[in-house]
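Structure first, then comments.
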Amino acid sequence: LDEIKQFPTLHEFDATPSDKEVRKVFGRAKNNKADGPAGVAAEHWKAIMGDPELFECVVQLVQILFDQRVVPKDWIISNLNPCPKKGDLRNVKNWRPIMLRDAAAKTVALLFGLRIAKVFKLNGRESQCGFCADKSTLDGIFNAKSIVQLRREARIVGLDLGERLL
């Protein structure tokens with residue numbers, strides 16, 4: 001184990017989120033999406049960002065939750081709704097499940113996603129496609145095909161976390 005190169009410790013990963021980080025993640029929340037169990041849509045959270053006093057309350061909430069490592073009960077609960085795809089709706093295969101999560105929970109999860117992306121940018125491999133800007137599933141498929149074409153044996157691991165855990 002002593003011979004294995006260790007990556008540098010990134011203390012910022014565990015740092016309390018700054019005002020700037022909180023504003024960035026809430027600003028990136030997607031509009032016109034169904035709200036989750038709490039009934040508060042992303043547009044409402046974005047409106048709060050315009051009021052300095054309310055924004056400060058949101059920042060303090062995120063910081064307290066982060067520092068105390070607490071997740072509100074409402075953020076754990078999701079609504080599972082059936083959504084029709086096509087064809088005969090009496091056939092169960094023509095429906096798909098949609099999981100509605102709380103907008104604030106998805107937004108704070110994005111904060112972690114952005115921090116993980118920094119780690120991958122510093123320590124990741126060039127072939128890494130997940131959590132990387134300007135890369136997609138197609139890049140991963142191209143990498144996998146290239147490996148298979150160059151070698152007769154290859155070990156390829158895929159992990160699909162669905163919209164980067166959001």
Inset, instruction - To the nearest 0.5 Å, tell me how far Asn81 CG sits from Met99 CE. - result: 9.0 Å

Inset, instruction - Is it possible for you to say whether Ile77 and Leu100 belong to one hydrophobic cluster, with membership spreading through side-chain heavy-atom contacts below 4.5 Å? - result: no

Inset, instruction - Give, for atom CG of Leu114 and atom NZ of Lys24, the distance between the pair rounded to the nearest 0.5 Å. - result: 5.5 Å

Inset, instruction - Indicate yes or no: does Asp14 engage Arg69 in a salt bridge with an N to O separation below 4.0 Å. - result: yes

Inset, instruction - Examine Leu61 and Phe55 and state if one hydrophobic cluster contains both, with Ile, Leu, Val, Met, Phe, Trp and Tyr joined whenever side-chain heavy atoms are less than 4.5 Å apart. - result: yes

Legend entry - Cluster overlap Val59 with Val71, hydrophobic side-chain contacts below 4.5 Å: yes

Legend entry - Gap between atom NZ of Lys86 and atom NZ of Lys93 - 0.5 Å precision: 11.0 Å

Legend entry - Spacing of CD belonging to Glu21 relative to CZ belonging to Arg115, to within rounding of 0.5 Å: 4.0 Å

Legend entry - Contact check, side chains of Gln63 and Val22, non-hydrogen atoms, under 4.5 Å: no

Legend entry - Point-to-point distance, once rounded to the nearest 0.5 Å, from CG of Asn91 to NZ of Lys85: 9.5 Å

Inset, instruction - Answer whether the closest heavy-atom distance between the side chains of Asp19 and Glu56 falls below 4.5 Å. - result: yes

Inset, instruction - Could you tell me which non-hydrogen atom of Ala41 sits nearest to which non-hydrogen atom of Ala103, and how far apart they are? - result: C-CB, 4.0 Å

Legend entry - Partners passing side-chain contact (heavy atoms from CB on, under 4.5 Å) against Gln68 (at least two apart in sequence or in another chain): Ile64, Val70

Inset, instruction - Taking all non-hydrogen atoms of both residues into account, name the closest pair between Pro52 and Gly50 and its distance. - result: CD-O, 3.5 Å

Inset, instruction - Just say parallel, tilted or perpendicular for the rings of Trp45 and Phe26, cut-offs at 30° and 60°. - result: tilted

Inset, instruction - Drop me the distance from Lys46's NZ to Arg28's CZ, to the nearest 0.5 angstrom. - result: 10.5 Å

Legend entry - Heavy-atom side-chain proximity of Phe66 to Val108 below 4.5 angstrom: no

Inset, instruction - May I ask you to decide if Trp75's main-chain N or O and Asp102's side chain share a donor-acceptor pair within less than 3.5 Å? - result: no

Inset, instruction - Compare every heavy atom of Asn94 with every heavy atom of Gly87, then report the nearest pair and how far apart it is. - result: C-ND2, 3.9 Å

